[in-house]
Every structure is written in structure tokens, then in C-alpha cells.
Amino acid sequence: MIKLATWNVNSVKARLGHLTRWLEAAKPDIVCLQELKCQADDFPALEVKALGYFAEVAGQKSYNGVAILSREKATEVVRALPGDKSDEQARYIEATIGGLRVASVYLPNGNPAPGEKFDYKLAWMNRLTSRAASLLESERVFALAGDFNVCPTDEDVFDPAAMAVDALCRPESRARFHALLNLGLTDALRALHPAGHLYTYWDYQQRRWQNGEGLRIDHIMLSPQAADRLAACAVDKRPRGEDKTSDHTPVVCELAF
DNA sequence: ATGGTAGCCTTGCTA
């Protein structure tokens, strides 16, 4: 069984204690991290190595930054999303661990919409869809896991009316998320929990966590052959309840390999 | 009432 997780940690340096505690408790095999907010050289590689994890990092000063932690060493590492060589934001890393191709993705937020940032988000999503299509063509078994900054449906939003014009919920964003589903990818959490509110993010402001007012924006998207192996998937809410924690919490799935 | 929180290491930007 492979335990695969994704977590937007909102600064890996500020959250090193949260991360190491969670790794020790949850014991995942592969972890996709987002919003490291540091350069690759500043990633706490020794600390995660001490817990038995290799780390592959695409870093950036202050903003963005993604990584893949794995018990088995990753190979064939790609540190950028294909399709725009002028894109310097560290939002994508892809690698092979065992027989599984894994990508840690940090999609642009896209607010305010409309505007340049929204245009960048939509273009980035088009590139992600192209990449997923290429991986499918190559018949790779793969997972795209990360902060997609998209609430796929109103069920994934505590206040759909208030969020309707937000870049996370706008129809252009949702259409591109659904394009991934139309390619044949499976939203792992919804595959096993089709109905009901499930959240992975609660804003720091306005007591959203305490009030249970969140969004589901962190997803694990599986290729058909990976989805055939899907045995379990859940949101691990415990880390969100800790002091000085990330505004996101991990999503974890188990694949029967 | 255009706030409120958090992390960056700028004195504002991003989320």
C-alpha cells in the first residue's frame, strides 16, 4: 500500500515542527508540499531526511515553492510545468517514485478576477491539462496532488453565494478543473466521498476554522490506472487545529500497489 | 465599516 498525501504548509520554515510531527504521526510514503516560501537551498532537507524522507524541491524566495518527499528516492525529476519557458514561478515539480509518476502542483490563486492574475491562472490550468494529456498518452500511472485553488462545485464552499465571483469558484476555473476530469482523471476524495461538505482550507480571518467555514481546494487527481488502485482517501483535519499552523490541512489517499 | 490574519524580510505583496 502506498500512502500519498498533499499539504500546503504556508512556509515550510515556519511550519517545520508541524510538518515533522505530522510525518511521524501519519507516516505517509509520498508527500506533495506547496507554498514552501523558500529557495531550494533553504529547504530543511536534513530534518526530513532524519525522518526517512528524500526531498526534491522547486524553490523560490518568499513565494510559491513546491516539493515531493518520498521514502524511496525519486527519479526523472522535472521542476517546471511545460508550456511556458518564461514562467519563473515555482509551482510544479514532477518525479517518479517506484512505478508512480507524481506531481506536486500549486495552482495560481487568480484573484482579483478578471485581471492579469486570473488570465495567468487560466493559462496555467491549460498547460496543466496539456501535461495531464501527455502523461495519459504515455500510459503512465500518475497522480497530480496539490493546492489547485479551485472549488470544483458549490458543495466544496461554505458560502457559495459570497464566493461566486471569486477566482476559486468562477466558471472559467471550474471548467478547466472539469477538463481534467473529462480527460479521465479521478478526484480521489470525491470518488470515495461523493456527497457532503469536505474542506481542506480555512481562512485565518474571521474565525473560519472555529466556525467550520472552509473550502475544498486541495486535491489528489489520479490517472485511470492509479484510480483503479484507490483504497482510501480522507482529509486529515488534525494539523489545522494546532497553534500557529497552516491555513490548509493534508489530504491523504491510499493506493493498493 | 473595504476591515480582518499570516508569512515574507518589503515597509507592500501575496494569499
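Just so it is clear: chains get the letters A, B, ... in the order the sequence lines come, proteins before strands, and each one is counted from 1.
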Spacing between A/D166 atom CG and B/dA15 atom C1', to the nearest angstrom: 11 Å
Measuring only the C1' atom in each nucleotide, how far is B/dT2 from B/dG7? A whole number of Å is fine. 22 Å
Selected nucleotide, minimal atom distance to A/N10 side chain, candidates B/dC8, B/dT5, B/dG7: B/dG7
Less than 4.0 angstrom between a side-chain N/O of A/S62 and OP1 or OP2 of B/dC9, yes or no? yes
With the threshold set at 4.0 Å, does a side-chain nitrogen-carboxylate oxygen contact exist between A/R208 and A/D203? no
Of A/Y204 and A/P108, whose closest DNA chain B nucleotide lies nearer the 5' terminus? A/Y204
Between A/N8 and A/K13, which residue's closest nucleotide on DNA chain B lies nearer the 5′ terminus? A/K13
Rounded off to whole Å, could you give me the OH-to-P distance for the A/Y120 and B/dA15 pair? 9 Å
Look only at the side chain of A/H219 and the backbone of A/V251, and say whether a donor-acceptor pair between them is shorter than 3.5 Å. no
Quick check with a 6.0 Å cut-off and a 45 degree axis cone: is A/R170 positioned over the face of A/F118's six-membered ring? yes
Same-atom distance (P) from B/dG12 to B/dG3, integer angstrom: 14 Å
NA contact type, A/R15, heavy-atom cut-off 4.0 Å: base, sugar-phosphate, or nothing? sugar-phosphate
Answer with yes or no whether the side chains of A/Y92 and A/D87 bring together a donor and an acceptor at under 3.5 Å. no
A/D203 CG to B/dG3 P, in whole Å, measures 15 Å
Short side-chain N/O contact from A/K244 to OP1 or OP2 of B/dA6, under 4.0 Å: no
Given atom CG of A/N211 and atom P of B/dT5, what is their separation to the nearest angstrom? 14 Å
Could you measure between the two P atoms, the one in B/dT5 and the one in B/dC9, and give it in whole Å? 22 Å
Residue A/Y63, side-chain atoms from C-beta onward, closest of B/dG4, B/dC8, B/dT14: B/dT14
Pick the C1' atom in B/dG4 and in B/dT14, then give their distance to the nearest Å. 16 Å
Please give, in whole Å, the distance from B/dG7 P to A/L16 CG? 14 Å
Should the heavy atoms of other residues, nucleotides or ligands under 6.0 Å from CD of A/Q210 be counted, would the total exceed 12? yes
Interatomic distance, A/R207 CZ vs B/dG3 C1' [rounded to whole Å]: 17 Å
Candidates B/dC9, B/dG4, B/dG7 - which lies nearest the side chain of A/Q206: B/dG4
At under 4.0 Å, does any side-chain N or O of A/R91 touch on OP1 or OP2 of B/dT14? no
Heavy atoms from other residues, nucleotides or ligands near CZ of A/R21 exceed 12 (cutoff 6.0 Å): yes
Counting the atoms with a prime plus P, OP1 and OP2 as sugar-phosphate, which does A/Y106 contact under 4.0 Å by heavy atoms, base, sugar-phosphate, or nothing? sugar-phosphate
What interatomic distance, in whole Å, is found between C1' of B/dT10 and the corresponding atom of B/dA15? 16 Å
Among the nucleotides B/dC9, B/dG7, B/dA15, whichever has the atom closest to the side chain of A/N109 is B/dA15
The side chain of A/A14 is closest to which nucleotide in this list: B/dC9, B/dA15, B/dC8? B/dC8
In whole angstroms, how far is the P atom of B/dT14 from the CD atom of A/Q60? 11 Å
When the distance from CD of A/Q89 to C1' of B/dC8 is rounded to whole Å, what number comes out? 15 Å
